[in-house]
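Take a look at the structure below.
Not measured: the values here are computed from a predicted model.
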Amino acid sequence: VKERPILFSGEMVKAILADTTPQRKLYAPRGANPCAPEHLALRVMRGIREISTTGCWIWGKSTSTGYGSLTVAGRNVRVHRLVLALVSGKPERDLDEVCHNCPGGDNPLCCNPDHLFEGTHGDNVRDAVAKGRLRPPVGPRLCGADNPRSKLTHGAVAEIRALLAAGETQSTVADRYSVSQSVISLIHMGKRWAHA
Ligand SMILES: [Zn+2]
């Protein structure tokens with residue numbers, strides 16, 4: 001078995017982040033293969049915005065899908081898939097679903113190979129259900145009051161729980177806080193604002 005070169009490391013990402021020289025678009029050296037793993041790995045690492053406290057390598061910008069993407073040989077490739085392809089040696093298009101397993105909660109923008117694993121579509125759906133989300137993540141998930149779209153505050157959620165415990169109906173409580181009954185139901189079941 002041929003030893004595969006180390007393409008990514010936290011130290012390499014840190015060094016790139018610490019480099020303050022202006023970053024120009026990264027071209028493969030003349031005559032070199034622009035799809036060479038080393039070149040692609042460098043492109044990935046140059047696109048990382050920060051390393052989070054939980055070790056996530058946060059890609060600089062998200063697309064509408066919530067994932068990072070790069071153009072490789074004229075094709076748009078999701079960065080986390082590219083990373084796992086480079087690390088595993090499998091072509092990106094042959095990979096099944098690439099799932100996140102970030103210690104601080106899944107971050108779709110994370111491209112730390114240690115936080116990625118290949119699963120089947122079924123695995124990914126089961127994983128999503130287990131983690132309380134069914135739809136694919138859109139951007140870093142914001143919970144509760146941190147979510148700008150949230151109408152509720154921690155205080156309001158505490159009141160809602162108290163009202164429900166006191167026997168108020170979900171629809172009455174929903175009207176009072178101008179949210180849908182399904183939101184109240186999710187709070188009641190602890191599927192929303194579980195940390196509040
Ligand atoms: Zn991560």
Checklist outcome for this item: Closest non-hydrogen atoms of P108 and G66, given as atom of the first, atom of the second and distance, are CB-O, 3.5 Å

Checklist entry - If you look at every heavy atom in D106 and N101, which pair is closest and at what distance? => result OD1-CA, 3.7 Å

Item to check | Minimal non-hydrogen separation, H80 against L116, with atom names | outcome: O-CD1, 3.4 Å

Checklist entry - How about V179 and I184: do any of their side-chain heavy atoms sit closer than 4.5 Å? => result yes

Item to check | Parallel, tilted or perpendicular: rings of Y67 and H100 (30°, 60°) | outcome: parallel

Next on the checklist: How long is the straight-line distance from SG of C111 back to CG of L86, given to the nearest 0.5 Å?
Outcome noted: 11.0 Å

Checklist outcome for this item: Between the CZ atom in R81 and the CD atom in E97, the distance rounded to the nearest 0.5 Å is 7.0 Å

Item to check | Separation between OG1 of T169 and CD of Q181, rounded to the nearest 0.5 Å | outcome: 7.5 Å

Item to check | Check: R43 side chain, T71 main-chain N or O, donor-acceptor pair, under 3.5 Å | outcome: yes

Checklist outcome for this item: Nearest heavy-atom approach of L95 to S88 is CD2-OG, 4.2 Å

Checklist entry - Looking only at heavy atoms, what is the nearest atom pair of L40 and P34, with distance? => result CD2-O, 3.6 Å

Checklist entry - Do R176 and L163 pass the side-chain contact (heavy atoms from CB on, under 4.5 Å) test, and can you show the C-alpha distance, the side-chain angles, and the key distance before you say yes or no? => result CA-CA 11 Å; R176 183 181 301 191; L163 289 168; 3.7 Å; yes

Checklist entry - Can you check side-chain contact (heavy atoms from CB on, under 4.5 Å) on V79 and V44, steps first, answer last? => result CA-CA 7 Å; V79 177; V44 168; 4.0 Å; yes

Checklist entry - When you check the gap from the basic side-chain N to the acidic O, do R75 and E92 get nearer than 4.0 Å? => result yes

Checklist entry - Got I187 and R161 here, is their nearest side-chain heavy-atom distance under 4.5 Å? => result yes

Checklist entry - What distance separates R78 CZ from L70 CG, expressed to the nearest 0.5 Å? => result 13.0 Å

Next on the checklist: Is the shortest side-chain heavy-atom distance between K90 and E118 below 4.5 Å?
Outcome noted: yes

Checklist outcome for this item: Closest heavy-atom pair, V173 versus E168, reported as atoms and distance to 0.1 Å, is CG2-CB, 3.7 Å

Item to check | Separation of I16 CD1 from L42 CG (nearest 0.5 Å) | outcome: 5.0 Å

Item to check | Interatomic distance, C110 atom SG to W59 atom CH2 [nearest 0.5 angstrom] | outcome: 12.5 Å

Next on the checklist: Before you tell me yes or no, could you show the steps for Q170 and L164 under side-chain contact (heavy atoms from CB on, under 4.5 Å), namely the whole-Å CA-CA distance, both residues' side-chain angles and the distance that decides it to 0.1 Å?
Outcome noted: CA-CA 7 Å; Q170 292 185 1; L164 293 173; 3.9 Å; yes

